[in-house]
Novice: 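The structure's right below; bear with me while I get my questions together.
Side chains included, hydrogens not; waters and symmetry mates left out as well; all remaining heavy atoms used. From a predicted model like this one, the values you see are computed outputs, not experimental measurements.
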Amino acid sequence: MLEKLKEEVYKANLDLVKYGLVVLTWGNASGIDRESGLVVIKPSGVSYDKMKAQDMVVVDYTGKVIEGKLRPSSDTATHLELYLAHPGIGGIVHTHSTFSTAFAQSGRQILPYGTTHADYFHGAIPCLRALKRAEVESEYEKNSGRVINEAFSGKDIMEIPACLLANHGPFAWGETPGKAAENAAVLEEVAQMAYYTEALDKNAQPAQGYLLDKHYFRKHGKDAYYGQTRPGGKE
């Protein structure tokens, strides 16, 4: 069942290791098959070096295991909340990467200080509100997803494909599991750049909006011209 998607999700999980975003088992990636409404996600607490594509777990929108011998990630409910609310999301990644998590633990957004940030994110990467006691004590993972959805209500979640959960860590997403992993890697890089920028200049300000827009829209949208694909799909 969903063998191709299992391979994609498996590779995305291994990409987290390749990009240096996870220690031990601190992270997970998932992907969704919109036609069937089923989600494939990493099994909980399984070592990356022992994991195989066939270990990926298939769940439905309620979190019920449809296929797989292992328990799905403990963050499954968070992933499901995002998939249910945002049809454009095809893959989701969660890590505890160092610099992104440091911003999350500080309760601080990552400001767009330069064009590297703007190539992937159209604005600051938000650090969301802390969960309330009741939200933590009941349906913690589901409520984490609800807080993300709350923060992006009325916005295009694909324009800023990542966020920071206060005192927890980053989530990133994309059109595919692989793209979600890529966005998580870029998130960590721009978090590190922002940290050093602020260390060098405590009064640093975001780059000019017109410069940020130029870099974002030359890679995204109908008039994008970065790379080999031209508007209209022509090479």
Side-chain angles (χ1 to χ4, degrees), residues 5 8-9 11-12 15-16 18-19 21 29-34 39 78-79 81-95 97 99-100 103-104 108-128 145 147-165 169-195 197 204-235:
L5 184 58
E8 290 182 36
V9 171
K11 184 179 182 303
D15 282 344
L16 303 184
K18 181 176 73 175
Y19 296 146
L21 302 179
S30 72
I32 186 170
D33 177 69
R34 289 288 178 182
V39 170
T78 308
H79 291 237
E81 285 297 305
L82 296 183
Y83 286 129
L84 284 166
H86 306 283
I89 294 178
I92 298 171
V93 160
H94 171 51
T95 76
S97 56
F99 285 87
S100 300
F103 273 90
R108 297 189 53 213
Q109 64 182 337
I110 302 173
L111 294 173
Y113 291 117
T115 61
T116 310
H117 182 123
D119 281 339
Y120 281 79
F121 304 100
H122 193 212
I125 297 158
C127 184
L128 312 187
V147 166
I148 297 173
N149 290 337
E150 170 190 296
F152 284 92
S153 177
K155 302 175 183 177
D156 184 351
I157 199 169
M158 304 307 285
E159 287 197 350
I160 304 177
C163 69
L164 308 174
L165 286 182
F171 275 82
W173 46 86
E175 296 86 355
T176 64
K179 187 62 178 178
E182 178 183 336
N183 288 337
V186 176
L187 170 65
E188 180 64 8
E189 286 297 310
V190 298
Q192 184 171 355
M193 291 176 186
Y195 175 86
T197 298
Q205 297 297 312
Q208 303 91 336
Y210 58 82
L211 177 63
L212 298 174
D213 282 349
K214 179 66 175 180
H215 271 260
Y216 181 81
F217 287 112
R218 74 176 188 168
K219 292 188 73 171
H220 305 272
K222 64 182 179 64
D223 296 321
Y225 61 88
Y226 179 89
Q228 298 305 307
T229 301
R230 303 301 182 200
K234 296 179 180 179
E235 295 298 319

Novice: By side-chain hydrogen bond (donor to acceptor under 3.5 Å, both in side chains), which residues pair with Tyr19, not counting sequence neighbours?
Specialist: none
Novice: What residues form a side chain to side chain contact (heavy atoms under 4.5 Å, CB included) with Ala85, not counting sequence neighbours?
Specialist: Asn149
Novice: Check side chain to side chain contact (heavy atoms under 4.5 Å, CB included) between Asp156 and all other residues, then give those that pass, not counting sequence neighbours.
Specialist: Met158, Glu159
Novice: Between the main-chain N or O of Asp119 and the side-chain N or O of His220, is there a donor-acceptor pair closer than 3.5 Å?
Specialist: yes
Novice: Of all residues at least two apart in sequence or in a different chain, which pass the side chain to side chain contact (heavy atoms under 4.5 Å, CB included) check with Gln205?
Specialist: none
Novice: Ala162 and Phe121: which non-hydrogen atoms are nearest, and at how many Å?
Specialist: CB-CE2, 3.7 Å
Novice: Counting only pairs under 3.5 Å, give me each side-chain donor-acceptor contact of residues 172-181, with atom names and distances, residues two or more places apart or in other chains.
Specialist:
| unit_1 | atom_1 | unit_2 | atom_2 | d |
| --- | --- | --- | --- | --- |
| Trp173 | NE1 | Ile157 | O | 2.9 |
| Thr176 | OG1 | Lys179 | N | 3.0 |
| Lys179 | NZ | Glu182 | OE2 | 3.3 |

Novice: For Leu212, give me all partners under side chain to side chain contact (heavy atoms under 4.5 Å, CB included), at least two apart in sequence or on another chain.
Specialist: Pro112, Ala118, Ala207
Novice: Looking at CG of Leu187 and OH of Tyr120, how far apart are the two atoms once the value is rounded to the nearest 0.5 Å?
Specialist: 12.0 Å
Novice: If you measure from CG on Leu5 to CG on Asp33, what distance do you get to the nearest 0.5 Å?
Specialist: 6.5 Å
Novice: Got a sec, which residues hit salt bridge (charged side-chain N to carboxylate O under 4.0 Å, His left out) with Lys219, two or more places apart in sequence or on another chain?
Specialist: none
Novice: To the nearest 0.5 Å, tell me how far Ile32 CD1 sits from Ile89 CD1.
Specialist: 9.5 Å
Novice: Taking side-chain hydrogen bond (donor to acceptor under 3.5 Å, both in side chains) as the definition, give me every residue that meets it alongside Lys214, ordered by chain and number, with sequence neighbours left out.
Specialist: Tyr225
Novice: Indicate the atoms forming the closest heavy-atom contact of Leu164 with Pro170, along with that distance.
Specialist: CD2-CB, 3.9 Å
Novice: With sequence neighbours left out, which residue pairs that include part of residues 186-195 fulfil the side chain to side chain donor-acceptor pair (under 3.5 Å) condition?
Specialist: Ser97-Glu188, Ser100-Glu188
Novice: With rounding to the nearest 0.5 angstrom, report the OG1 to CG distance, Thr78 to Leu165.
Specialist: 7.5 Å
Novice: Could you note down all residue pairs passing salt bridge (Lys or Arg N to Asp or Glu O under 4.0 Å) where residues 84-93 supplies at least one of them, sequence neighbours left out?
Specialist: none
Novice: Give me the atom names and distance for the closest heavy-atom approach of Tyr83 to Ser30.
Specialist: OH-OG, 2.7 Å
Novice: Looking only at heavy atoms, what is the nearest atom pair of Val9 and Ala29, with distance?
Specialist: CG1-O, 3.4 Å
Novice: Going by ring pair (Phe, Tyr, Trp, His ring centres under 6.0 Å), name the residues that satisfy it together with His122, two or more places apart in sequence or in a different chain.
Specialist: Tyr216, Phe217
Novice: What's the spacing between Ile148 CD1 and Leu82 CG if we round to 0.5 Å?
Specialist: 4.5 Å
Novice: When rounded to the nearest 0.5 angstrom, what distance separates CD1 in Ile160 from NE2 in His117?
Specialist: 7.0 Å
Novice: Work out which heavy atom in Ala124 is nearest to a heavy atom in Leu111; give both atom names and the distance.
Specialist: CB-CD2, 4.1 Å
Novice: Can you list the residues that meet the ring pair (Phe, Tyr, Trp, His ring centres under 6.0 Å) rule with His94, with sequence neighbours excluded?
Specialist: His96, His168, Phe171
Novice: Could you tell me which non-hydrogen atom of Phe152 sits nearest to which non-hydrogen atom of Pro126, and how far apart they are?
Specialist: CZ-CG, 4.0 Å
